[in-house]
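All heavy atoms count here, side chains included; hydrogens, waters and symmetry mates do not. Counting from 1, the numbers follow the sequence of the chain as shown. Quantities reported herein were computed from a predicted structural model and do not represent experimental measurements.
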Amino acid sequence: MQKFLELVALAYQRHEGAKMARYCFVFPNKRSGQYFLHHLRVCARRPLPTPEVTTMGEFVTQFSDLLPASPEDRIFTLYNSYRKINKGASDDFDRFRFWGEMLIKDFEDIDNYMADASRLLRNVTTYQEIQSDYLTEAQKEIINKYWPESFREAAADGEGSSSWARRFWKHVSPGDEKKGKAGHRFLSLWQSLGALYRQFRHDLRDAGMATQAMFSRDAAELLSGPDGQSALRRDRYVFVGFNQLTTAELSVMETIRRLGNADFYWKFHSLLPGADSRAATFVERYAASFKSLYDIERGVEMTMPESIDIVSVASRVGQADIAADYISRWRAAGQVGDSNSAIYTAIVIPDEGLLIPTVNALAAAGIIRSGEQPGDDTGTGMPFNATMGLPYRQTPVSALMREIVSLNLRAAKSGGQRIFFHEDIKNLLTNPYVRSLCADDADRLLSDMNNRRVFKIVQSEIFGKYPTLEPFFSLGAGVNTFENTYDYLNTIVTYLTENSASEGFERIFMDAYRGALERLRDAVRRNSIEMRDAAVFKMIERVIASLTFNIEGKPLRGLQVMGVLETRALDFDNIVILSMNENSFPRRFQVRSFIPENIRRGYGLP
């Protein structure tokens, strides 16, 4: 059966030929764009000019002179915007970070779905309005989910609705001295959401940056305005393989279609018919509204896979061994041949935590070379490509950094030295990264601690006696700023990178962590964030742990290992999907938001 992107490439090669050099093809991700170019080269009988190929995220940024704001810049900019709006606010960054990330997500939803921010984030004005009980029964039910005790007490006492409303607002208004400060701060934040939204966007633009949602909204508004036609530099824009779109993305596509510059192709066919197919809900709706210029499925017979195996595995990590076993069997049967044909065999990993076990299982089975990096085809094993986002908190180097942070946060200070707790030292010295470099010194220090039965180790007892361990215990006992702490952590990561024999993903993780640390340092400097001692360690650990780094290999070489989102618009001959469990595929996310659910629905937010 011909593949979806192959059909699109064939249609345009036949009907457009060299004119494609003036076209732009927009895909859900980079991988699908690269596969499209591959099919275009294969089906072309002669060399043709290459069209522009981009993703939707890259496409909307073309209409702006701003740069994408990194996650670090977004949270630090919002923090500074909050302090401008609430002058004299004493909340430190560590306390701000949790609900700051929640606010950024809300602001991005507002922009992505082009909601009226001023109306949606309107302030709560006076207690009199609340006491007049304008709340509907639906709104009361929403409030009851978060403050059920208030509702039960009011109902039991037979109190009226006004009294019930007053009880509700006691949770966010000054009461006793201890709770009143928190309640007043929460109410102050709620009242300033609109101003904070505007200040945040203003501060980002002043710094020459924007969020991805801002790019999408700006592009939609620009294209729908009087300068829309002149902003389009290509003769045609072809949108391929999208599924669920935001309001801003739909607006961009609708405007370009209205201007006569668009074509659309949806990965949707007769195997997913009718309203009963929830999998086809969005795509069916889009396909009816955004028609294709060429009928790419005419005469193509759509068939179900020859066989689908459902395998029950007792352990979570054991799935990786089963996946490797299937790949081995397919290779033996000739279904997976050389590295060129292997690009149509994929292992899909909904749970990012299974990436490393899967790669290790493939290496143990001899399918790929042990220690091989994605896209490396110089080894004896089959090349493989891993393209997916992996949270830093799930990497081995992040686990090491958590132990280093714990070592320093729990250390005491006396006589100008740090005094380390024995449990933290043991956790650090048994870490695989540390043992790979310092096994002899680590064993001697552990033995010395056990023989002397000590619970604490003074910094001076390590220096000179255990030289390979010195970088891990080198932070001074004075007041440490962000710069001091950065230098300390960067020294450790550099020490590990330069002296470790690690290769493959372990080397990628160390390089990625050092890159994240450098970006965090630059963002702190740009935004003039000041903090000291424990607050620095907490901020570094939590900010970096919340980030995701993208592993990008060479999609057109060897076995494909990917996350779920990377499969969009693609077809494979052989596929293994791990973690087909409830809450894993599809994954359920708990929505944390300042915007109540009924208001979100009223404004079209997800």
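In terms of modelled atom types and a separation under 3.5 Å, the side chain of Gln394 and the main chain of Pro391 share no donor-acceptor contact. Put simply, the side chain of Ser289 never gets that close to the backbone of Tyr286: no donor and acceptor are under 3.5 Å apart. Listed for the Arg519 side chain is no donor-acceptor partner under 3.5 Å among the backbone atoms of Pro71. Without hydrogens or angle criteria, Tyr603 side chain to Ala117 main chain gives no donor-acceptor distance under 3.5 Å. Between the Ser328 side chain and the Ala324 main chain, a donor and an acceptor come within less than 3.5 Å of each other. At distances below 3.5 Å, not a single donor-acceptor pair connects side-chain atoms of Arg234 with backbone N or O atoms of Asn261.
For the pair Glu254 and Arg257, the salt-bridge criterion is met [side-chain N within less than 4.0 Å of a carboxylate O]. A salt bridge links Arg97 to Glu101: at least one charged side-chain nitrogen sits closer than 4.0 Å to a carboxylate oxygen.
Note that Lys3 lies outside the cation-pi zone of Tyr35, set by a 6.0 Å cut-off to the ring centre and a 45° limit from the axis.
A ring-centre distance under 6.0 Å is found for Phe59 and Tyr237.
In this pair, Tyr344 and His38 present their aromatic rings tilted. The plane angle is within the 30 to 60° band. Ring pair Phe27/Phe25 is parallel by interplanar angle, where below 30° counts as parallel and above 60° as perpendicular.
Of the inter-residue distances, the one linking Leu250 atom CG with Leu245 atom CG reads 5.0 Å to the nearest 0.5 angstrom. For the atom pair Tyr513 OH and Leu400 CG, the distance stands at 8.5 Å (nearest 0.5 Å). Atom OH of residue Tyr12 and atom CG of residue Asp263 lie 3.5 Å apart, to the nearest 0.5 angstrom. Put simply, CG on Asn581 and CD on Gln319 are 6.0 Å apart, with the number rounded to the nearest 0.5 Å. Note that the CG atom of Asn385 and the CD1 atom of Ile368 stand 11.5 Å from one another [nearest 0.5 Å]. Separation of atoms CD (Gln2) and CG (Asp571) is listed at 11.0 Å; rounding is to 0.5 Å.
The two residues Met539 and Phe76 make their nearest non-hydrogen contact at SD-CZ, 3.9 Å. The shortest heavy-atom contact between Val543 and Glu72 is CG1-CG, 4.2 Å. Contact between Thr55 and Val26 at its shortest, heavy atoms only, is C-CG1, 3.8 Å. Nearest heavy-atom pair across Ala399 and Asn431 is C-ND2, 4.5 Å. Nearest heavy-atom pair across Gly318 and Val313 is C-CG1, 3.6 Å. Closest of all the heavy-atom pairs between Ser32 and Leu5 is O-CD1, 3.4 Å.
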### Candidate pair Ile575 and Val348, rule side-chain contact (heavy atoms from CB on, under 4.5 Å), full reasoning
CA-CA 7 Å; Ile575 188 167; Val348 180; 3.7 Å; yes

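Checking Ser398 against Arg402 by side-chain atom types alone, a donor-acceptor pair falls below 3.5 Å. Counting only N and O atoms by type, the side chains of Tyr326 and Asp309 include a donor and acceptor under 3.5 Å apart. Counted by atom type alone, Tyr433 and Glu403 present zero donor-acceptor pairs between their side chains at under 3.5 Å.
Annotation for Arg601: atom CZ does not count as buried by contact number, only 12 or fewer foreign heavy atoms lying within 6.0 Å.
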